[in-house]
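First comes the structure, then the notes that go with it.
All of these numbers come straight from a predicted model, not from anything done at the bench. Letters A, B, ... mirror the listed sequences (proteins, then strands); counts begin at 1.
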Protein chains: 4
Amino acid sequence: MGEEKKDGIIEAALKLFEEQGYHQTKVSDIVRAAGVAQGTFYLYFQSKEDLFRSIAKSCLEEISGTLKKGPVDGLNDNEVFYQMIKSCLTIYYHNKTILRIIYRNGVASQEIADISEAFYNDMMLIIKQCLLESGEYPDYSEQQLEITAYAKIGMVELVAYQWFVVRNCGPEHIDCIAQTITGMGNGCKTGLPGVNGA
Amino acid sequence: MGEEKKDGIIEAALKLFEEQGYHQTKVSDIVRAAGVAQGTFYLYFQSKEDLFRSIAKSCLEEISGTLKKGPVDGLNDNEVFYQMIKSCLTIYYHNKTILRIIYRNGVASQEIADISEAFYNDMMLIIKQCLLESGEYPDYSEQQLEITAYAKIGMVELVAYQWFVVRNCGPEHIDCIAQTITGMGNGCKTGLPGVNGA
Amino acid sequence: MGEEKKDGIIEAALKLFEEQGYHQTKVSDIVRAAGVAQGTFYLYFQSKEDLFRSIAKSCLEEISGTLKKGPVDGLNDNEVFYQMIKSCLTIYYHNKTILRIIYRNGVASQEIADISEAFYNDMMLIIKQCLLESGEYPDYSEQQLEITAYAKIGMVELVAYQWFVVRNCGPEHIDCIAQTITGMGNGCKTGLPGVNGA
Amino acid sequence: MGEEKKDGIIEAALKLFEEQGYHQTKVSDIVRAAGVAQGTFYLYFQSKEDLFRSIAKSCLEEISGTLKKGPVDGLNDNEVFYQMIKSCLTIYYHNKTILRIIYRNGVASQEIADISEAFYNDMMLIIKQCLLESGEYPDYSEQQLEITAYAKIGMVELVAYQWFVVRNCGPEHIDCIAQTITGMGNGCKTGLPGVNGA
DNA sequence: GATGAATGAGTATTCATTCAT
DNA sequence: CATGAATGAATACTCATTCAT
């Protein structure tokens, strides 16, 4: 069935976009890697940009969708904030491929500016709701909650990029990173890779 | 003297990179905007990428250099953390052009990956030093301080992008944003633009 | 039976060739319009060009065949020349689709050059014979008769194209046009659409 | 100077369009024949179609412009009609290249439909004026004069195509052809090439 | 007969870069 | 220093045709 070919193209593209970035990756590279003919590409995607958008959309929606569904791994104790950060980190860990692609190609790159914008807005709304429910910011205005939400997103995103992508950390360090970011817990003084992966 | 031409090219490029991104901006666009001939470009820059790197390097070094020199605007009371965040926000505010360029083209875009990496490392070291001096994280290991430093950077960066670039906020809101992010102060409940610029 | 499909393809192609021309019409357009599968096309035609040739041939042969059979609509009084012109016009009127296709795609277009050449030769021979029988050109050489024949064809063809196709005139004007071209009769001073269809 | 290159491209294109037709002629063929680089083509023309239109426009305007200026070769005796036909034939003879291109690619081909339409309208107006001045059609309405004008054009065009292009006749036969078409004069019974160039 | 997914050769067009003036 | 005409390698995309089902 044709969906196999389509999936092969997506898979190949994902790999190449991650390795070389969107602009360096040629359609000819993708089809060669996917083992299909040049024309087959255009059977499933209108253009290279269409493919990129399609990939970015589904990946980013998966991220926000996962976060929306509630804490990952069934975590739900009383430390709401900590759990939220940990959930985010976990989700980012599982989506580091798209994280790398987005960071390499621009959060607001021409090609996916709208998709990216929608994603950040979604994320912000989810976090904002979470902040409201936590009751930790009783006096904050809407705008202040939004600022705080974006602050959390930025925090998690850059740390996730630096540790999961650049330093290639495994999932066993998620707890430690979450504790460090939130200032909760005191474990994990050692064992995390430093700047140069040491 | 020729430096005028060079500056004109840089200025034009900065504007175009910000507006359309690096890949959409053609050398021909730049020289037209700068009012010089096609060949003149290559008297001052080896390639389009060379120009981009040159711009990115000087802008990013200016940012980290400014932060290194100490609090902007002579601010230096005892709330070290608050001051640091405020300094960062102020610097980002004054460099929103490069902030937008970086966000549009990718933090780790092929062309400036090394420059960008060096910048983030610099920023991290500065913040780490700041955190050490603040004495707030007495028990943190090197790695934990680094994580915390990156968390601060990510926080400030995304918020700065969202409010200064996307919502086009003026400098009068820096205080308010800094207070919100740090949880210090309680002013500014109103007056900040929301998601839709309202 | 399959002939239905074949006819459907021919009909769809005729319509599309007329509307958009041969080169702008894709096989995929034709099969979509005919409601058959891509592969079905090649059950009945060897190639897109084969279809075009097939259509052109049958249409053009119908035109020359009709003219050869004698005056259309049983007209046969003594004004041989007038009748011939009128017959031609009538036939062209009933074949304006192919007339438009030929005009849009070139009398001697690569694809049907031979068919077109044969058609014009046929037409010329028929008209020449007619001229001979009319006795109006007793002293003309073979070549002169041929020139005269082609002159008649060119005359009728361009006028038919301009009035039947461009100005979309109905059959009620055939008489008028024939009288005007031949200089016979004096009716129809009015009622014909002008350049701008007025 | 650059105009040399531009002229070289036009010249090469004219030759190739005539020989192979517009669609069979590739930009790469043109630049190779003109001895310039692929990119040079786009320095002077926006596209292949732009070049075709440009060529068609200037050639067709030259034809109608020449006819408008008055009888070719200083011919101006009292036989107005004969002179007009002869002028037309002479002009077509000198422009047989474009005549062939137009006939091979379609009088109303997508690419130059508007240019071609304007040309025929121009020609018609010129001929109509000529018919008026000749005083031969005192009773004809506007529409009748237009029909007559188009009839003349069609007559001359097809004969010119058949004898100058297909049979490759020289200019020495113009007189003979004009006499035959108009029915004036009685010379030239022999010497003209027949259908098969005999 | 009928299908339509797959093919891949073919081509117009772009644009960073060069270099003679 | 400055120019801008010329370059040509590079690439996304098209579409007639095939063939396994």
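One can place CD of D:E4 at 13 Å from C1' of F:dA6, the figure rounded to the nearest angstrom. Between D:K6 atom NZ and F:dA6 atom C1' the separation is 16 Å, expressed in whole Å. Distance CD (A:Q20) to C1' (F:dT11): 15 Å, rounded to an integer number of Å. Between the CD atom of A:E111 and the C1' atom of F:dA12 there is a distance of 14 Å, given to the nearest Å. Summarising the geometry, the separation between OH on C:Y44 and C1' on E:dT3 is reported as 12 Å, rounded to the nearest angstrom. Taking atom CG on D:L43 and atom P on E:dT14, their separation rounds to 12 Å, with Å as the unit. One interatomic measurement links the two molecules: CZ of D:F45 to C1' of F:dA5, which rounds to 15 Å at whole-angstrom precision. Whole-Å rounding puts the C:I30 CD1 to E:dG4 P distance at 17 Å.
Side-chain contact of A:E111 with A:Y22: a donor-acceptor pair under 3.5 Å is absent, judged by distance alone.
D:F52 and D:F17 have perpendicular rings, their planes meeting at more than 60° on a 0 to 90° scale where under 30° would count as parallel.
Residues passing the ring-ring contact (aromatic ring centres under 6.0 Å, His included) test with D:F119, sequence neighbours excluded: none.
Checking the phosphate oxygens (OP1, OP2) of E:dT3, a side-chain nitrogen or oxygen of C:K5 falls inside 4.0 Å.
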Counting primed atoms, P, OP1 and OP2 as sugar-phosphate and everything else as base, the B/S/- map of nucleotides 16-21 of chain E against protein heavy atoms under 4.0 Å is SBB---
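The partner of E:dT21, taking Watson-Crick or G-U wobble pairs whose two distances both stay under 3.5 Å, is F:dA2. For F:dT14, the paired nucleotide is E:dA9, the pair qualifying as Watson-Crick or G-U wobble because both relevant distances are below 3.5 Å.
B:N105 and B:H23 make their closest contact through OD1-N, 4.3 Å (heavy atoms, listed as atom of the first residue, atom of the second, distance). The heavy-atom pair separating D:R104 from D:E18 by the smallest distance is CD-O, 3.6 Å.
Nearest-nucleotide positions on DNA chain E for C:V36 and A:V36 put C:V36 closer to the 5' end.
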Please tabulate, for the side chains in residues 27-35 of chain D, all donor-acceptor contacts under 3.5 angstrom to protein atoms that are two or more places apart in sequence or on a different chain.
residue	atom	partner	partner atom	Å
D:D29	OD2	D:K26	N	3.0

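The backbone N or O of B:Y44 sits nowhere less than 3.5 Å from a side-chain atom of B:K5 that would complete a donor-acceptor pair.
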